[in-house]
Amino acid sequence: ETGVTQTPRHLVMGMTNKKSLKCEQHLGHNAMYWYKQSAKKPLELMFVYSLEERVENNSVPSRFSPECPNSSHLFLHLHTLQPEDSALYLCASSLGRVSNQPQHFGDGTRLSIL
Amino acid sequence: ILNVEQSPQSLHVQEGDSTNFTCSFPSSNFYALHWYRWETAKSPEALFVMTLNGDEKKKGRISATLNTKEGYSYLYIKGSQPEDSATYLCASSSNTGKLIFGQGTTLQVKP
């Protein structure tokens, strides 16, 4: 039991679709993250939320839109994606945004863009 | 070094062998170094977070060391077991708090 739950586990969508990825944690953490892992590349930070406020947007295209309605939930809204956006999307949380705290990851959503 | 680099990229060892791999990171503005284990079809799991030069951490048969002045960390596995097969990720952060990950070292332990 990871403590961080992501849904769905797999998603196939067309380039014109709109979908959302969901992440939920009940670890009492107040920082949450979205990462992208493309084939043969390192994990790449996309967004950071601390106390429900976005504190990092790592030059991510606007077709990815994050939302953090409370400290337990994080969404990634997707629209008009491109084939190169096919990747594994991982959510993580930590106790505080300070980087001497370990991050707890979900199992990820495998996204395929047709 | 501008990025986090891990070597080797992959490693095959026999059960019972001890092994180690390297993480190199920018030593300027260093704040913390993380190690994670990522098993296939599971989520990355935190092993260690180290912040001080000379830090050594141990968890069972796995240990790690940190040299912040020269910008490297070693992860050691003593007496490898098949269940140690995974990708081992390291990540470094500066005082901005943002983690930069390496590409990982994939370990296969043959019974």
Side-chain angles (χ1 to χ4, degrees), chain A residues 1-7 9-10 21 23-25 27 29-51 53-60 74 87-110, chain B residues 1-10 21 23-26 29-53 55 57 59 62 64 66 68 73 75 86-106:
Chain A
E1 194 269 303
T2 66
V4 179
T5 304
Q6 288 188 244
T7 54
R9 290 294 304 274
H10 300 272
L21 309 185
C23 176
E24 189 172 347
Q25 60 90 9
L27 299 168
H29 291 168
N30 51 25
M32 295 187 79
Y33 311 81
W34 280 116
Y35 287 92
K36 175 184 177 183
Q37 190 181 41
S38 305
K40 310 281 186 189
K41 289 188 176 180
L43 271 177
E44 185 183 339
L45 181 67
M46 299 175 75
F47 300 105
V48 180
Y49 275 82
S50 178
L51 298 170
E53 183 182 334
R54 191 193 311 181
V55 295
E56 182 92 34
N57 176 347
N58 209 29
S59 304
V60 179
L74 184 65
L88 179 69
Y89 290 84
L90 284 168
C91 171
S93 69
S94 65
L95 186 64
R97 194 183 140 225
V98 182
S99 64
N100 62 359
Q101 296 295 322
Q103 294 188 7
H104 295 249
F105 286 85
D107 289 336
T109 295
R110 176 71 61 184
Chain B
I1 295 172
L2 299 177
N3 295 315
V4 176
E5 296 170 3
Q6 292 187 246
S7 63
Q9 193 171 345
S10 64
F21 16 97
C23 174
S24 301
F25 55 87
N29 298 319
F30 170 82
Y31 191 80
L33 192 284
H34 295 222
W35 281 102
Y36 292 86
R37 174 170 57 204
W38 194 357
E39 294 179 65
T40 303
K42 293 190 177 179
S43 54
E45 173 199 353
L47 289 172
F48 307 112
V49 179
M50 296 183 288
T51 57
L52 299 176
N53 186 44
D55 249 355
K57 298 238 174 171
K59 189 176 183 177
I62 304 178
L66 179 66
T68 61
S73 174
L75 189 81
T87 296
Y88 291 82
L89 300 176
C90 78
S92 169
S93 72
S94 65
N95 49 13
T96 65
K98 179 174 145 181
L99 278 184
I100 307 293
F101 280 84
Q103 282 197 286
T105 293
T106 299

Problem - Residue A:Y35 versus chain B: region with a heavy atom under 4.5 Å - result: side chain
Problem - Region of B:Y36 that comes under 4.5 Å of a non-hydrogen atom in chain A - result: side chain
Practice task
Ignoring hydrogens and angles, tell me if any N or O in the side chain of A:N30 forms a donor-acceptor pair with the backbone of A:L51 under 3.5 Å.
Solution key: no
Fill in the blank from the handout: Bottom line for A:L45: the part with an atom under 4.5 Å from chain B's heavy atoms is side chain
Exercise for the section: Please list, chain by chain and in numerical order, all residues satisfying salt bridge (Lys or Arg N to Asp or Glu O under 4.0 Å) with A:R9, sequence neighbours excluded. Expected result: A:D107
Exercise for the section: Can you tell which part of B:L89 gets under 4.5 Å to a heavy atom of chain A, answering side chain, backbone, both or neither? Expected result: side chain
Practice task
Heavy-atom distances under 4.5 Å only: say whether B:A41 touches chain A with side chain, backbone, both or neither.
Solution key: backbone
Practice task
Assign the ring pair A:F105 / B:F101 to parallel, tilted or perpendicular, where the plane angle (0 to 90°) is split at 30° and 60°.
Solution key: perpendicular
Handout entry: Main-chain N/O of A:K40 paired to B:Q103 side chain as donor or acceptor, under 3.5 Å
Key = yes
Practice task
Under 4.5 Å, counting heavy-atom pairs only, tell me which of A:Q37, A:E44, A:Q6 racks up the most with chain B.
Solution key: A:Q37
Problem - N/O donor-acceptor pair under 3.5 Å between B:Q6 side chain and B:Y88 backbone - result: yes
